[in-house]
There are 2 protein chains.
Amino acid sequence: MSTSDIEPAPRPRRRDAQERHDRLIVAAQREFAARGVDASLEKIARDADVAIGTLYRHFPTRLDLLLAALEPRLREFSEGSKKALEIDDPWQGFVSYLENLFRVQAGDRGFNDFLSRRFPGSADTERIHDQMCRQIDDVLTRAQEAGEARADITLADIVNLIWSNGRMIDATSTTAPNAWRRQLHLMLDAYRAQRAHPIPEPPMTEQQLYDAMVRLSTAG
Amino acid sequence: MSTSDIEPAPRPRRRDAQERHDRLIVAAQREFAARGVDASLEKIARDADVAIGTLYRHFPTRLDLLLAALEPRLREFSEGSKKALEIDDPWQGFVSYLENLFRVQAGDRGFNDFLSRRFPGSADTERIHDQMCRQIDDVLTRAQEAGEARADITLADIVNLIWSNGRMIDATSTTAPNAWRRQLHLMLDAYRAQRAHPIPEPPMTEQQLYDAMVRLSTAG
DNA sequence: CCTCAAGTTGAGGTACCCCTCCGGATATTT
DNA sequence: AAATATCCGGAGGGGTACCTCAACTTGAGG
């Protein structure tokens, strides 16, 4: 192993290639945002005024393109999360975290889909999902320990909430783009600790949750 | 207009035709239940061991076949609804109505899809949907007038709940087939009158609701 | 200006799906 | 047994999408 093997002279990308790369991302952002993760790659290529072969050269898999397109959303989400995590009041932190998540989710069907599917085999996406789960677990636990959130709910319940929100957004994004906020706050009432009623069903296990998300990626 | 115009000698269906008709319905039930309203008609024909042309002869449109396949579900739902509507206690009636609805919804993806889409132009389906909306409105109003359900929710909120449930079912039907009950009862806590918090968003109007459902049938 | 690695193109293979049409098969009636 | 309305099969036209690859083009270093 010589040093030249480790650093194989990475000549910079050609300018025209860079341009096409950028155009592809722009088109992909528009298309994924409007039609979700299953948007047509051929249409994205057409919109970007680029041949389909070029799309595949730059982004060998759909997931590669999706992640490139979603990058700003992930950043936006991440910044909002950070703010929410810094809030002192446990209940407010919990609420802010979810409001931020739902807001970003409502603005991008690609992100929306991305949230409720797991892509086994992609370390990148698994990492993102795992981090989100950890954060949700944190804000939830903190709200529970403060006695603000009911003690009998778990991460799985919040994930269900995210799925539900996703469906609402699919239905209402063009006709009632803020409808999700109402649903969220109705739900939050149920999550407050006082006056909680018993629930006739245990929460999903982590395994069930994971399987369900994987299923959303595969099942037609 | 002679009587012969009104009664144009309706010779009964041929026996072989009846058989194929029945096989098609069986296959359609299986397929719609498993894959939802957008199941492949060609696969249904293959499963029924019938040529695609024959399928179209018996059921000129997808909706014709869907309604025929869904008939037992609709009946099952209707019977459960009737029982719920007879319950004296307003809150229990409300809960029972939703539990019945969600249970049927959880058992059939075709019915699940059917619930959250409207098919403008089909008097049949519009009637079914309208009747359901009226019933929901009834049980809800009764629970509200009894002071059991919070006064600031509307039909649209329940429909959102149905959509949400639909998403949960898509995700969990194979991995946690009873998960919907938990989500429902969590939600019901939010719907109880006592200790309701203000919601930062008005309910959807009827028009918004209708548009959203129509959109689910068309938008990809 | 020349060279050539890097990049591009788009036809073409595969696989679905929807829906129509008409020659041929068949159950039923007479 | 013949007549015939009814019914059936399935090829075929039209569409969309995924992905590959061989032939061509071009930017950039020398």
Arg75(A) and Glu71(A) ion-paired at < 4.0 Å: yes
Inter-axis angle, terminal five-pair segments of the helix from dC1(C)-dG30(D) to dT30(C)-dA1(D) [nearest 10°]: 10°
Whole-Å distance separating the CZ atom of Arg14(B) from the P atom of dA27(C): 6 Å
Residues Arg118(B), Asp211(B): salt bridge by 4.0 Å N-O rule: no
Touch class at under 4.0 angstrom, heavy-atom based, for Arg15(B) against every strand present: sugar-phosphate
Flag side-chain contact, heavy atom, 4.5 Å: Phe102(A) against Leu161(A): yes
Enclosure of Gln18(A) CD (heavy-atom neighbours >12, cutoff 6.0 Å): yes
Rounded distance in Å - CD (Gln18(B)) to P (dT28(C)): 11 Å
Protein proximity profile, nucleotides 15-23 of chain C - base contact B, sugar-phosphate-only contact S, no contact -, cut-off 4.0 Å on heavy atoms: --BBBBB--
Between dC18(D) (P) and Leu66(A) (CG): distance, integer Å: 13 Å
Integer-rounded Å distance: dC8(D) C1' and Asp22(B) CG: 16 Å
Residue closer to the 5' end of DNA chain C, His58(A) versus Asp16(B) (nearest nucleotide): His58(A)
Parallel, tilted or perpendicular, as decided by the 30° and 60° cut-offs, for the rings of Phe114(A) and Phe119(A): parallel
N-O pairing of Glu76(B) and Arg73(B) below 4.0 Å: yes
Gap between atoms CG and P, on Leu55(A) and dC21(D) respectively (whole Å): 17 Å
Phosphate OP1/OP2 of dA6(C): any Arg13(A) side-chain N/O under 4.0 Å: no
Rounded interatomic separation in angstrom, taking CZ from Arg20(B) and P from dT26(C): 9 Å
Contact under 4.0 Å: Arg57(A) side-chain N or O vs dT9(C) OP1/OP2: no
Given Ile136(B), Asp138(B), Thr141(B), Ile158(B), the one that forms side-chain contact (heavy atoms from CB on, under 4.5 Å) with Phe94(B): Ile158(B)
Student check: side-chain heavy atoms of Leu101(B) and Phe111(B) closer than 4.5 Å: yes
Spacing between His21(B) atom NE2 and dT6(D) atom C1', to the nearest angstrom: 16 Å
His21(A) and His58(A) aromatic ring geometry - parallel, tilted or perpendicular at 30°/60° bounds: perpendicular
Atom-to-atom span, CZ of Arg23(B) to C1' of dC7(D) - whole angstrom: 13 Å
